Amino acid sequence: MTFSSPSAIPPTWFARPSTIVAPDSIGCTLVREFPDGRILRGLIVETEAYAPGDPACHAYRRRTQRNSVMFGPPGKTYVYRIYGIYHCLNLVTDLDGVPSAVLIRALQLDAFPPGIDFTTPPKLQRIAAGPGKLCLAYQIDQSLNDRPLQPGSPLWLEPRTADLQQQLESGALELTQTTRIGLTQGVDLPWRWYLTNSPAVSKR
DNA sequence: TGAAGGATTTGT
DNA sequence: CAAATCCTTCAC
């Protein structure tokens, strides 16, 4: 017997500009279901937006095989390999035909991920502090590209808890908006957001 | 068909 | 600051 998760974020939620979805994603939970059925959850604490007309966006020049999923409907994964070593996870956003995405840059995990040997275990708060590191922890590679973000898939999102939402509204928790990291173009666009003072953010 | 370089991370 | 490492993208 299977039930659709009432708390999963629906595709329509992603059908907005990446500059809106990116800050809205902070505080949501990224859920990973491994092939063996184990579930891992992490709070999204850092994101970046990539949008049409943005020279740093992979889809800036034209549609290619790699970036094609960004041109498609929202609510799917866009995973790419970076520097031949790591992977990065994006959420495809905005309307079908509008190439844009939100890069997930850091997660605050609630448990150590399975399947990884830590000879010298780092702090739990730093294990998913960075886009490449969170993909290692979540075992995300290109086989998870172009997957719907919904229960039954390897990855999906759950909304902010009422408590966290209230903390944001009351100012007990805040978002910091600043410029993106590691770029050579579009360096001045303030399209990076993170949960202020979170110990799991990649860089401050 | 070849060459340059990248939305990173770690260690020197 | 340089290395690791590979594949995408663009130029010839």
Side-chain angles (χ1 to χ4, degrees), chain A residues 14 17-26 30 42 44-72 74 76-94 98-109 112-113 115-147 149 155 157 175-195 198-204:
Chain A
F14 298 96
S18 57
T19 49
I20 302 294
V21 176
D24 275 9
S25 300
I26 306 287
L30 181 67
I44 298 174
V45 297
E46 182 183 355
T47 59
E48 285 178 359
Y50 293 84
D54 166 16
C57 182
H58 285 174
Y60 178 60
R61 290 176 175 273
R62 60 193 183 87
R63 183 175 185 147
T64 65
Q65 185 171 17
R66 179 178 71 158
N67 65 30
S68 64
V69 63
M70 292 180 72
F71 287 79
K76 304 181 82 174
T77 59
Y78 167 47
V79 178
Y80 65 91
R81 187 182 263 293
I82 181 100
Y83 299 113
I85 307 174
Y86 299 98
H87 295 270
C88 289
L89 170 68
N90 294 256
L91 317 174
V92 175
T93 59
D94 218 316
V98 181
S100 61
V102 169
L103 172 69
I104 307 298
R105 284 195 56 90
L107 303 173
Q108 187 168 322
L109 300 184
F112 283 91
I116 300 179
D117 276 332
F118 297 109
T119 50
T120 55
K123 285 186 160 64
L124 178 59
Q125 305 291 46
R126 303 305 298 167
I127 285 181
K133 295 170 71 176
L134 75 88
C135 283
L136 279 177
Y138 267 44
Q139 296 178 31
I140 294 169
D141 61 21
Q142 269 171 321
S143 72
L144 296 195
N145 184 46
D146 198 8
R147 301 292 195 101
L149 289 158
L155 294 165
L157 265 69
L175 296 190
T176 297
Q177 178 178 6
T178 180
T179 52
R180 297 173 295 183
I181 288 182
L183 306 178
T184 58
Q185 301 183 72
V187 294
D188 293 329
L189 291 171
W191 286 357
R192 172 178 177 239
W193 291 265
Y194 61 86
L195 195 59
S198 167
V201 164
S202 67
K203 293 180 182 177
R204 300 208 257 170

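All figures in this text were calculated on a predicted structure; none of them were measured in a lab. Here is the naming used below: chain letters follow the sequence lines, and residue numbers restart at 1 for every chain.
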Starting from the 5' end of DNA chain B, give me the residue, A:Thr184 or A:Leu134, whose nearest nucleotide shows up first. A:Thr184
What interatomic distance, in whole Å, is found between P of C:dT5 and the corresponding atom of B:dG2? 23 Å
Just the dot-bracket of DNA chain B, please: which string comes out with Watson-Crick or G-U pairs under 3.5 Å, [ ] for crossing, | for another strand? ||||||.||||.
Tell me what A:Arg180 touches on the nucleic acid: a base, only sugar-phosphate, or nothing, going by heavy atoms under 4.0 Å. nothing
Looking at A:Ala51 and A:Ser18, what are the two nearest heavy atoms and their distance? CB-OG, 3.7 Å
Applying side chain to side chain donor-acceptor pair (under 3.5 Å), can you list everything that pairs with A:Ser68, at least two apart in sequence or on another chain? none
Validation row: A:Lys123, A:Pro199 side chains within 4.5 angstrom (heavy atoms): no
Check whether any side-chain N or O of A:Tyr194 sits under 3.5 Å from a backbone N or O of A:Ala106 as a donor-acceptor pair, and report yes or no. no
Could you tell me the boundaries of the chain A footprint on DNA chain B, defined by atoms under 4.0 Å from its heavy atoms? B:dG6 to B:dT10
Distances under 3.5 Å between nitrogen or oxygen atoms of protein and nucleotides 10-12 of chain C:
unit_1	atom_1	unit_2	atom_2	d
C:dC10	OP1	A:Arg61	NE	3.4
C:dC10	OP2	A:Arg62	NE	3.0
C:dC10	OP2	A:Arg62	NH2	3.0

Do A:Val92 and A:Phe14 make a side-chain contact, defined as non-hydrogen atoms from C-beta onward lying under 4.5 Å apart? no
Taking atom CG of A:Leu103 and atom CG of A:Asn90, what is their separation to the nearest 0.5 Å? 5.0 Å
Tell me the closest heavy-atom pair linking A:Val69 and A:Thr77, and the distance in Å. CG2-O, 3.6 Å
Can you give me the N/O atom pairs linking the protein to nucleotides 1-7 of chain C at distances under 3.5 Å, or say none if there are none?
unit_1	atom_1	unit_2	atom_2	d
C:dT5	O2	A:Tyr83	O	2.4

d(A:Gln65 CD, A:Asn67 CG) to nearest 0.5 Å is 10.0 Å
Beyond-backbone contact of A:Leu183 with A:Leu189, side-chain heavy atoms, under 4.5 angstrom: no
dist A:Ile44:CD1 -> A:Trp193:CH2 (nearest 0.5 Å) comes out at 14.0 Å
Can you tell me which residue pairs pass the side-chain hydrogen bond (donor to acceptor under 3.5 Å, both in side chains) test with a partner in residues 47-59 of chain A, sequence neighbours excluded? A:Glu48-A:Tyr50, A:Asp54-A:Arg180, A:His58-A:Tyr78
Whole angstroms only, please: what is the NE2-P distance between A:His87 and C:dT8? 11 Å
Nearest heavy atoms of A:Gln108 and A:Ser198, plus distance in Å: OE1-OG, 3.4 Å
For A:Leu89 and A:Ile140, work out which heavy atoms get closest and say how close. CD2-CD1, 3.9 Å
